[in-house]
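Note that these values count all heavy atoms, side chains included, but never hydrogens, waters or copies made by symmetry.
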Amino acid sequence: GGRKDQAPGTAARTAERQMTEQAQPQPAVEEPAAVPLHRIPVVIVTRFSFFGKSGWKSDASRDRALLFQPERLQHRLRLFSQITLPSLAAQSRQDFHHFILTSRDLPEPTAAALAETCARSYGDAGRYSIVAARPMPARAALRRFLDRRYPGQVVAQVALDDDDGLAADFVLDLRRQFALIEEEIP
């Protein structure tokens, strides 16, 4: 038996080696303790003038000059600070992390204003992360962040545009839904 390009008896030796390896006791691998679904980290993901590949299809997403136009950036920052951040500050459950993905090329005055706005809104710098990335797929930048901050963990990701808000009970309701799912799992 075996493939024609193998020496005679190779398939039998391979099968014997695999059976021997399977019979050997394998060292116990410590699995991380399963976190109950209703307690997994919740990360709210916002792209703020990110120049890179993502699902965003506007003209600004493909045109660096338009994306970083000063009037546009002022308008985006105003929407973010008057809609997005207040909706997160109003959450009845504050156990989430806000990941803000922006561009390395974001003009410094806007980058500083973004950082100041987030600091003022959250107070605690541990509640949010601003990542200024080079042009790349947005999902790659998010994956890098999640791998560093939550290695090996299941994480709930919520996409929130920089001009949108969430209902004040969104995180609470999300956790309630997770708890209901847990009740259904045998």
Side-chain angles (χ1 to χ4, degrees), residues 35 39-175 177-178:
V35 174
R39 290 203 177 140
I40 66 172
V42 172
V43 177
I44 298 176
V45 180
T46 302
R47 291 174 315 217
F48 184 89
S49 295
F50 175 66
F51 188 74
K53 290 184 179 184
S54 68
W56 189 35
K57 303 286 187 223
S58 78
D59 291 338
S61 70
R62 295 180 296 277
D63 182 342
R64 187 183 300 256
L66 182 57
L67 183 68
F68 299 133
Q69 181 183 40
E71 296 79 25
R72 181 191 174 282
L73 290 173
Q74 287 175 352
H75 179 68
R76 301 313 299 175
L77 189 60
R78 188 170 43 258
L79 293 171
F80 183 69
S81 65
Q82 293 178 357
I83 297 171
T84 308
L85 289 177
S87 81
L88 295 174
Q91 290 300 303
S92 56
R93 291 231 8 206
Q94 290 288 311
D95 56 340
F96 63 88
H97 188 83
H98 191 186
F99 171 75
I100 301 123
L101 177 61
T102 191
S103 297
R104 271 191 194 162
D105 298 332
L106 188 69
E108 178 52 36
T110 305
L114 177 63
E116 180 183 321
T117 299
C118 289
R120 194 172 46 247
S121 180
Y122 285 110
D124 177 5
R127 302 274 328 282
Y128 67 96
S129 298
I130 300 172
V131 173
R134 62 179 170 72
M136 64 172 33
R139 71 180 179 283
L142 175 60
R143 174 59 38 216
R144 287 181 183 171
F145 170 77
L146 294 175
D147 287 347
R148 278 193 310 271
R149 186 166 178 107
Y150 306 101
Q153 295 183 51
V154 172
V155 177
Q157 302 169 36
V158 178
L160 179 63
D161 288 346
D162 64 0
D163 60 354
D164 288 339
L166 295 174
D169 63 349
F170 179 85
V171 175
L172 173 66
D173 190 49
L174 181 64
R175 297 227 180 257
Q177 294 300 318
F178 288 159

Do the side chain of S49 and the main chain of F68 share a donor and acceptor less than 3.5 angstrom apart? no
Short question: side chain of R93, backbone of R175 - any donor-acceptor pair under 3.5 Å? no
Check: V158 and F170 side chains under 4.5 Å, non-hydrogen atoms: yes
Would you please test D105 and L67 for side-chain contact (heavy atoms from CB on, under 4.5 Å) and show each step? CA-CA 10 Å; D105 298 332; L67 183 68; over 6 Å; no
So, taking the atom named CZ in R78 and the one named CG in L73, what distance separates them when rounded to the nearest 0.5 Å? 11.5 Å
Show the nearest heavy-atom pair for residues D95 and V42, with the distance to one decimal. O-CB, 4.3 Å
Would you sort out whether R143 and R139 count as a side-chain contact (heavy atoms from CB on, under 4.5 Å), showing the intermediate values? CA-CA 6 Å; R143 174 59 38 216; R139 71 180 179 283; over 6 Å; no
Between the side chain of D124 and the main-chain N/O of G126, is any donor-acceptor distance below 3.5 Å? yes
Tightest non-hydrogen contact, residues V43 and F99, listed as CG1-CB, 3.8 Å
Check whether T102 reaches the backbone of F50 with its side chain - one donor and one acceptor, N or O, closer than 3.5 Å. no
Tell me the closest heavy-atom pair linking I40 and V155, and the distance in Å. CD1-C, 4.2 Å
Nearest-0.5 Å distance that lies between atom CD1 in I100 and atom CG in L85: 6.5 Å
Taking all non-hydrogen atoms of both residues into account, name the closest pair between L101 and A133 and its distance. CD1-CB, 3.9 Å
Is atom CZ of R39 surrounded by more than 12 heavy atoms (other residues, nucleotides or ligands) closer than 6.0 Å? no
H98 vs Y122 aromatic rings, parallel, tilted or perpendicular, using cut-offs 30° and 60°? perpendicular
Donor-acceptor pair, side chain of Q91 and main chain of L172, under 3.5 angstrom: no
Nearest 0.5 angstrom please: L106 CG to I130 CD1, how far? 9.5 Å
Roughly how far, to the nearest 0.5 Å, is OG of S92 from CG of D169? 6.0 Å
Salt-bridged, R47 to D162, with N to O below 4.0 Å? no
Here the gap from Q74 atom CD to Q69 atom CD, rounded to the nearest 0.5 Å, amounts to 10.0 Å
What's the spacing between Y128 OH and T117 OG1 if we round to 0.5 Å? 9.5 Å
Considering all heavy atoms of both residues, which atom of S129 and which atom of F145 are nearest to each other, and what is their separation? OG-CE1, 3.4 Å
Side chains of R127 and S121: do they bring a donor and an acceptor to under 3.5 Å? no
Mind listing the closest non-hydrogen atom pair of F80 and P86 along with its distance? O-CD, 4.1 Å
